[in-house]
Amino acid sequence: MYDYDLLVVGSANADLVIGVERRPAAGETVLGSDLAVHPGGKGANQAVAAARLGARTALLARIGDDAYGRLLLDSQRAAGVDTVGVLVGGAPTGIALITVDPSGDNSIVVSPGANGRLTPEDVRAAAGLFHASRVVSAQLEIPLETVVEVVRSLAPGSRFVLNPSPPRPLPAEVLAACDPLIVNEHEAKVILGAVDGGSAVGDRPEDWARVLLAKGPKSVVVTLGSRGALVASAEGVERVAAVRVDAVDTTGAGDSFTAALAWKLGAGSSLAEAAAYAARVGAVAVTRRGAQESFPTAAEVEGR
Ligand code: ADP
């Protein structure tokens, strides 16, 4: 019935990374390492993560008509993502300029570029993709009005998954569509703080999950890094055990977790089962460097 297990609507960025001894102060110039260019952006990352697991995946995104756009298309296609929904032009490809010092601290400037030009009209024009997709996932590196249009475009019976990153207050219409809303600790605090006018909800993730659920989502997942995750729905709050690994680079962990969870939910798993599988995927991803390069195949997840 569905052509795609997952439609990802979101950002595609080129990450330009330079290692430096010291990040420059105002007015200062420092010399750094050779430039490394990586495909990134939360939308592109989720699509690659899902496709590598074997999900039939499509990406709805906007890139520039430039070399970084072609790099992003190549990485999507290499992973097996259907790029029929990737729109080209309107602005340069989104870029993240990243300087990293020896302690691992970084400074990042993002130019959203074409991501900022993914419009509600683009979403409406992709109605065929929405009708062909069992699950739709989104993040917040595209305009919020575009995410609102995504929610309005969902086909009857399809499921919506949102990772509100970077976090910002969400309209009730978007919150009500989430099944689940997936947040890490930082995102949970921002969304709760904003919605509650800054009132404290304490330090217990179980309480955050309950208060977030009361804001309207059908279900909530709070990811807790090396401590695993929590799932919350009308049936209650459940812990998902962490998978013990030696982490070397947590970049992209949340993106691979979200992709795996969305795929498993579409395949009929319960929220707790899907989150347990997603935790295994995230755990493999953190044992490898990079974002898209670190995402495992289903066989690699089974093999652990
Ligand atoms: P984000 O990348 O969005 O900040 P988290 O750091 O919470 O999100 O990671 C997402 C998920 O990836 C976690 O819920 C967990 O399942 C897995 N994960 C992340 N870091 C580790 C780790 N150090 N060890 C094992 N699993 C991890």
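Side-chain atoms are counted along with the backbone in the values below, which use heavy atoms only and exclude waters and symmetry mates. Note that ligands are numbered from 1 as they come in the structure, with each ligand's atoms numbered from 1 the same way.
No side-chain N or O of Asp255 forms a donor-acceptor pair with one of Gln46 less than 3.5 Å apart. In summary, the side chains of Asp101 and Ser103 do present a donor paired with an acceptor at a separation below 3.5 Å, with no hydrogens or angles considered. The closest side-chain donor-acceptor pair between Ser219 and Asp179 falls under 3.5 angstrom.
Taking only nitrogen or oxygen atoms, main chain and side chain alike, Gly228 reaches within less than 3.5 Å of ligand 1. For ligand 1, one of its N or O atoms has an N or O atom of Gly254 under 3.5 Å away. The shortest N/O to N/O separation between Thr223 and ligand 1 falls below 3.5 Å. Between Asn184 and ligand 1, an N or O atom pair is found at a separation short of 3.5 Å.
Scanning all protein heavy atoms for the shortest distance to atom 15 (C) of ligand 1 gives Gly225 O, 3.2 Å. What sits closest to atom 24 (N) of ligand 1 on the protein, heavy atoms only, is Val245 CG2, 3.6 Å. Nearest protein neighbour of atom 9 (O) of ligand 1, counting heavy atoms only, is Ala253 CB, 3.8 Å. In terms of protein heavy atoms, atom 25 (C) of ligand 1 is closest to Val243 O, 3.1 Å. Among all protein heavy atoms, the one lying closest to atom 11 (C) of ligand 1 is Phe257 CD1, 3.7 Å.
Among residue pairs with one or both ends in residues 257-282, those qualifying as salt bridge (Lys or Arg N to Asp or Glu O under 4.0 Å) are Arg280-Glu302; sequence neighbours excluded.
A salt bridge between Asp82 and Arg77 is absent, with no side-chain N of the basic residue lying under 4.0 Å from a carboxylate O of the acidic one. A salt bridge does not link Arg52 to Glu300: none of the charged nitrogens lies less than 4.0 Å from a carboxylate oxygen. Of the charged side-chain nitrogens involved, none lies within less than 4.0 Å of a carboxylate oxygen, so that Glu293 and Arg288 do not count as a salt-bridged pair.
Using a 4.0 Å cut-off to heavy atoms of Ala247, the atoms of ligand 1 that qualify are 23 (N). Residue Ser226 approaches ligand 1 through these ligand atoms, each under 4.0 Å from one of its heavy atoms: 20 (N), 21 (C), 22 (C), 23 (N), 24 (N).
Here Ala279 has heavy atoms under 4.0 Å from ligand 1 in both its backbone and its side chain. Contacts of Leu224 with ligand 1, taken as heavy-atom pairs under 4.0 Å, involve the backbone alone.
Of the possible polar contacts, one joining the Trp208 side chain to the Gly202 backbone as a donor-acceptor pair under 3.5 Å is found.
Counting non-hydrogen atoms of neighbouring residues, nucleotides and ligands closer than 6.0 angstrom, the CG atom of Asp34 reaches no more than 12 such neighbours.
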